[in-house]
Amino acid sequence: MLVVACLVATASAAAVPAGAAADTAAQSATVPASPGADADRSALGTAATPPRQTGNETNNSTGVIHENPDEVDGENELDRLLSYLSGELNGDIGASTLRLSRGEYEAARAALGDDYDDSLGKYVDVEGETETDGDGASEEYRTVGETQRAYVDTVSEFRETRREYEAARRAGDDERARELARELTRLAEDGESQSDRLLTAFDVISNRTDGDLTESSTQIEAVQANVSEQRDEIVSREFVATSLTVDDYDRNISFTDPLVLSGSLVADDGTPVTGSTARFAVGGQTIRTAVDADGSFELTYRPARIPAGSSSVTVRYLPNDTSVYQATERVVPVAVSQVNATAGLSEPAAPAYGYADGVSVRATLRVNGTPVPNYPLAASFAESSATASATNASGQSTVSTTVPATATGAASIRVAPDGDGRAVTFAPAAVSVPLETEGTALDASAREAGNGTVVVDGRLETDEGEAVSGQTVAVGVAGREVASASTNESGAYRATFDLPSDASAENATVSAAFDGGGTNLESSAATASVRLVDGPAAAGAGNDASGGLPLDLAWVVAGTAVVGLVAAVLLRRNRAGASATTTTVDDEPTASDTDDSSEPDSVTTGTPALDAAVDALDAGRPNDAVVVAYAGVRQSLGPAAGVDDAATHWEFCDRCVDAGVAPADALESLTAGYERAAYSGLSVSDEAAAELVETARSLAGTAAPDATDSPDSDGDADASEAVGAVE
C-alpha cells in the first residue's frame, strides 16, 4: 500500500507543469523545461522524474491523478495507477513531438529516453494485473517509443542531408547533388511509413486511455508534410521523368517458367534513357539487364517469394544514384504457379555440443538443380528459434543457433519456408546435432530479513562458468521445500520465505537444489547457514497493510528506482506536514542562509533525507521515517563505494561493506529495517524506527565529506522538488 500511495502521490504532482511559463510557444502540450537535464532529477536517485502531464490538460483535470493519495484505500488503485502512467507516457510523447516540430532533435529523442522506457515497463506490469481484456495500450506505447525515436532520426537526417545537398548545388557538384537527392527521397519515404505508424498508434492510444494525442498527431502531420514537400521540389529540380513500356508476354509464369519481359525505357519527352545497363526491382528481386541505344531491354524474372496465385507484379526502374533520370514503375498482369524445391542441410562440424555452445550449418535450396536466390528461411533447434539468412545467389544460407538447456536426445536443426503459399515452397529439412551433458555449480547464501523471514540467493553456472538462465532452483529447510525461484539471464536467483514454525534462524540450514532432469545439464545443490541480523529490524511487528499493489511486480522491488521515488514523495509529504518549529530548507537560499552555512543549526542532521526522517518520526509515521533515512544513507555512501543506482538494497549493502565505507552490522540492520518498512506490508514500531534513524545518521557520518551532496550545492535540486507537493 505504501508504494501505491507514493506513486499516486507522484501522480498528483504531475498535474503541475514544470517550466511551462518558460515555454514561448502557445502549445496545448506541456513539456518538461529541459528534458533529460540533471537538475530535473531527484537528489536521492535517478528514478525520480520531473513532473509530466498529458498533452490535453482537460483530461488531467478530469482524471484520477488529482486525488489525495491518503484517500485511495477505497478506490481501484491499479486503474488509477494505470491512468497516471498513461498520463506520463502521453506527456513524454507530447514533449517529443513538440520538440521535433521545433527542430530540437536531441531534446525530442531525450523525451522518449530512459524515463519513457521506465514508465512503459511499469505500465506493462500494471496492465498485466488489471482486467483490460486486451484493451490496454502497451503495444501501441511500445510502437510509439520505437517508431518515434526512429522518426526523429529520419527527420534529423533528412534536414542534415538537405543542407549537404544545397552545399553540393552551390559548389556545382551535380553528381553529388543528385546522389544526395536520391538519399532525400529514400528518407522521405521512410518518414512517410514511420509517420503513418505513429498516427495509427496515436489514434489507438487516444481511444483506449484518458489521453488525447490530437496535438501530437497534428505536429507529426505537419512535420511530414514539410519533408514530403521539400522532397518533391528537389526531385522535380534534379531528375528527368521517365516512362516504362512493355511488349506482349506470356502471363503464366513460375520459377521453372520465368517471366520474360521486353520493352523500352524512355524519358517523358520520348528520348531513350542513355546507358548500357539498367536495374529493375521485380517481386523483391533486383535484376540488372542491358539497355540498347534506343532504350529497349529484356529481363527474366523467376518468382520465388511472392505468393502463388499472384495476379500482378510491379516492375520498377532503379536509376543509379548519380543518374539524371527519375525512377518509374509499371504493374504487369501475371498468373503465378507454385513449384516445389529441395532443401538440404550440412552436418554439424563438431563431434558434440553442450549447453550454450554455438552450432552452425549450411542450408541449400534448389529447384531441379537451379539455385533459389534471396529466399527467406524459418529455422529452429530443439523447439527454439534459430537464425537463418536469406539464400544467396547460389541458393545457400547459414543457419546458426545456441544450444538451450532443453536440447536433449536427438535434437535437430530444422529449416522450413518462412511463410505459406509462396511461389516456391519445400518440405522442411532437418539435421541431428550431437549433444553432451554438462556439469553445473550452484551456490547459495541466506540471511534473516526479520520477523521470521529468510532471503536466499545465489547463482547457477556450468562447470565452464557459463550462466544458466530460465531454470528452477528449489529451496528447502530441514528436507522440506519451502520456496522456488527461476534463474535470470546472469544465472542469479532469489527466494524469500517464512521459516517453518518448528525451525529457528539461529540453527536453520537452508538448502538449494537444481534438478537437471529433462535438460542437458547435471543436477547440483548447495547449503547455507542463515546469516543473522541483529538490531531493531525484527522488532515491533504490526498489522498487515490492506489492499495495495501486488508486490510481485518486478519494478516495485528493484534498487534505487523505488528508493528515489518513494523517498522523494515522502520528503515532500514530510515538508508539507512539518510543524512550525521544524527546520526547513528554502527553495531559494537567502544571503544570510549562505553566510551561516558553515554553522549548521544544532537540529540539522546533515542531509535533507535524515532531517525529513526525523520529521516523519515526530509525525507518527515510522515506516516513512525508515524509508527516507535509508535513502539518505544510499545518497551518502553510494558515491564513496562506487555503487551504481541499479543495485538492489542488499547488493548495495554488500558492496558498501566490501568497499569498507560502512560497518557491516549497522548497514545490515538498516537494510533489513528498510526491507520491512518498504515491502513487507507490516508496521515498524516507533522505537525500532527511531533506532534505525539513529543508525542511518551514524552511517551517513562515515561517508567522505564529498560523498554527500550539500543541500546548497549548485545544480542539485532538493529531492522533493522532483515530485511536488502532496495534497
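Count residues from 1 along the sequence. Since we're looking at a predicted model, the values are computed, not measured.
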For the residue pair [X] and [Y], what are the closest heavy atoms and their distance?
| X | Y | value |
| --- | --- | --- |
| Ala95 | Ala111 | CB-CB, 3.9 Å |
| Val684 | Ala689 | CG1-N, 3.7 Å |
| Arg697 | Leu610 | CA-CD1, 4.0 Å |
| Val628 | Ala612 | CG1-CB, 4.0 Å |

Any chance you could measure [X], atom [atom1], to [Y], atom [atom2], to the nearest 0.5 Å?
| X | Y | atom1 | atom2 | answer |
| --- | --- | --- | --- | --- |
| Glu461 | Ser469 | CD | OG | 12.0 Å |
| Arg676 | Asn623 | CZ | CG | 8.0 Å |
| Tyr493 | Ser486 | OH | OG | 12.5 Å |
| Leu112 | Arg109 | CG | CZ | 11.0 Å |
| Leu667 | Thr695 | CG | OG1 | 10.0 Å |
| Leu81 | Glu127 | CG | CD | 12.0 Å |

N/O donor-acceptor pairs under 3.5 Å from side chains in residues 471-483, not counting sequence neighbours:
residue, atom, partner, partner atom, Å
Arg480, NH2, Asp502, OD1, 2.8
Arg480, NH2, Asp502, OD2, 3.3

Looking at Glu668 and Arg531, is there a salt bridge between them, counting it only when a charged N and a carboxylate O are closer than 4.0 Å? yes
Parallel, tilted or perpendicular: ring planes of Tyr630 versus Tyr674, cut at 30 and 60 degrees: parallel
Is there a side-chain contact between Val455 and Arg494 (heavy atoms, below 4.5 Å)? yes
Quiz question: by atom type and distance under 3.5 Å, do the side chains of Tyr141 and Ser119 form a donor-acceptor pair? no
Would you say the side chains of Asp498 and Thr453 form a donor-acceptor pair under 3.5 Å? yes
Could you list the residues that satisfy side chain to side chain donor-acceptor pair (under 3.5 Å) with Asp443, not counting sequence neighbours? none
Sequence neighbours excluded, the answer for side chain to side chain donor-acceptor pair (under 3.5 Å) partners of Asp457 is Ser445, Arg447
Any donor-acceptor N/O pair, Thr462 side chain to Thr440 backbone, under 3.5 Å: no
